[in-house]
Number of protein chains: 2
Amino acid sequence: MAERYLRSIRLLAECFHAFERQSGANIRCRTGLTPSQFDIIATLGNTCGMSFKELGERTLITKGTLTGVIDRLEEKGLVTRVTQVEDRRSTLVKLTAAGDAEFHRVFSQQIAFGKQSFVNYEAQDFDALDRELTKLHANLTGSEPKQKY
Amino acid sequence: MAERYLRSIRLLAECFHAFERQSGANIRCRTGLTPSQFDIIATLGNTCGMSFKELGERTLITKGTLTGVIDRLEEKGLVTRVTQVEDRRSTLVKLTAAGDAEFHRVFSQQIAFGKQSFVNYEAQDFDALDRELTKLHANLTGSEPKQKY
DNA sequence: TATTGTTATACTCTATAACTATA
DNA sequence: TATAGTTATAGAGTATAACAATA
């Protein structure tokens, strides 16, 4: 007999993949950014920038990979590297003016796009979903979820 | 004001990431399978096989890409191609005995590990969670979730 | 010695378009 | 003509390990 929880986890994974792939396809279609690049731009948006280390932890991209992703974003003029004076091993990555403009343009597009999936949702639908997900998260990690966006 | 749905999507992503981390630095590392390859194995598990077309639709991998992914799984001896007699354009992809064994091996590992996270869940807790996730999936994809595991 | 980021390697995924075989 | 799958192409992501500079 299959364990009861597997059905729930499978549903969770399918929902996440469905959203990720939909939004990933949308990003590739409507912007010149890959999902990883978008993740970086979204993470840097509305911040003063952050180190490779922090950026890697937030986006779950390993440092060797991150170097290449940042290289490409720098070539596009969307981010810059700034060596830190306090600790010269560390490099700050931040959005350029163009990167910030792109962030607001793309992010608002992305919000508008994702919104389409929830046209049938009323306040109580969101509440019910959030309640179950928050409970699930608490059981998975023993803690409250962190706010990323 | 941030769109209401963003909170729910963020929760979804955090739950998924939490589960992946919890389930032991994720199945993919332990199996030697890439995410796409694992997706194929999981999709083919407990089925009689399916065509490239159907497999592509389920996993959202485009046909050109799918050829390469299936090639690598075939090299590993986990899947086979079977030309269809009814329509010789179509090719059935199915798990080999080794692929089926791998599917069940990973599956049982997942059962044993993930179970711990749900010690507090009763039947009605699972039902409530599944109800919300099924509704979410329907809105994200316009269809019922496909059973993968 | 430990940490931060880079480089090198080798592989995989990705979309797209042109192609072959079959219908 | 249309469909199923393959091949070719050119990029991008991925993990890993070895490396340099700095602490």
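Protein chains get the first letters and strands the later ones, always in sequence-line order, with residue 1 at the start of each.
Taking only side-chain atoms of B/Arg72, from C-beta outward, the nucleotide of C/dT12, C/dG5, C/dT22 with the closest atom is C/dT12. For A/Arg89, counting side-chain heavy atoms from C-beta on, the closest listed nucleotide (D/dG5, C/dT7, C/dA2) is C/dA2. You'll find that the side chain of A/Lys63 is closest to C/dT4, out of C/dT4, C/dC13, C/dT16. The side chain of A/Arg81 sits closest to C/dT6 out of C/dT22, C/dT3, C/dT6. The side chain of B/Ile61 lies closest to C/dT14 when the candidates are D/dA12, D/dA4, C/dT14. You'll find that the side chain of B/Thr65 is closest to C/dA15, out of D/dG5, C/dA15, D/dA15. For B/Arg88, taking side-chain heavy atoms from C-beta onward, the closest of the listed nucleotides D/dA4, C/dT22, C/dA15 is C/dT22.
Between A/Gly64 and B/Gly68, the residue anchored closer to the 5' end of DNA chain C is A/Gly64, taking for each the nucleotide with the nearest heavy atom. Closest-nucleotide positions on DNA chain D for A/Val69 and B/Thr67 were compared, and the one nearer the 5' end corresponds to B/Thr67.
The CD atom of B/Gln37 sits 15 Å away from the P atom of D/dT14 (whole-angstrom rounding). A/Leu33 places its CG atom 15 Å from the C1' atom of C/dT14, with the value rounded to the nearest Å. In this structure, B/Ile40 places its CD1 atom 13 Å from C1' of C/dT12, rounding to the nearest Å. At whole-Å resolution of the value, CG in A/Leu60 and C1' in D/dT14 are 13 Å apart. For the pair A/Lys53 NZ and C/dT3 P, the computed distance is 8 Å after rounding to whole Å. Taking atom CG on A/Leu73 and atom P on D/dG11, their separation rounds to 17 Å, with Å as the unit. Computed from coordinates, the B/Leu66 CG to C/dA17 P distance equals 19 Å when rounded to whole Å. Protein atom CD1 of A/Ile70 is 14 Å distant from nucleotide atom C1' of D/dA12, rounded to whole Å.
By the 30° and 60° cut-offs, the orientation of the rings of B/Phe16 relative to A/Phe16 is parallel.
In terms of phosphate contacts, A/Thr83 brings no side-chain nitrogen or oxygen within less than 4.0 Å of OP1 or OP2 of D/dA21. OP1 or OP2 of C/dA15 has at least one side-chain nitrogen or oxygen of B/Thr62 nearer than 4.0 Å. Remark: B/Thr34 is in phosphate contact with C/dC13, judged by side-chain N or O atoms under 4.0 Å from OP1 or OP2. In terms of phosphate contacts, A/Ser51 brings no side-chain nitrogen or oxygen within less than 4.0 Å of OP1 or OP2 of C/dT4. The phosphate of D/dT22 (OP1 or OP2) has no side-chain N or O of A/Gln84 nearer than 4.0 angstrom. Residue A/Ser90 places at least one side-chain N or O closer than 4.0 Å to OP1 or OP2 of C/dG5.
Salt-bridge check for B/Arg81 with B/Asp71: passed, with a basic side-chain N closer than 4.0 Å to an acidic carboxylate O.
A/Thr91 comes within 4.0 angstrom of the backbone, heavy atoms only, and of no base.
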- Query: Going through the distances and angles, do B/Phe118 and A/Arg4 end up as a side-chain contact (heavy atoms from CB on, under 4.5 Å)?
  - Reply: CA-CA 9 Å; B/Phe118 291 89; A/Arg4 177 64 180 87; over 6 Å; no

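Shown here for B/Leu133 and A/Ser8, the closest heavy-atom pair between the two residues is CD1-O, 3.6 Å. Shortest non-hydrogen contact noted between A/Leu129 and B/Glu132 is N-OE1, 3.7 Å. Heavy-atom minimum distance, B/Ala98 versus B/Gly77: CB-O, 3.8 Å.
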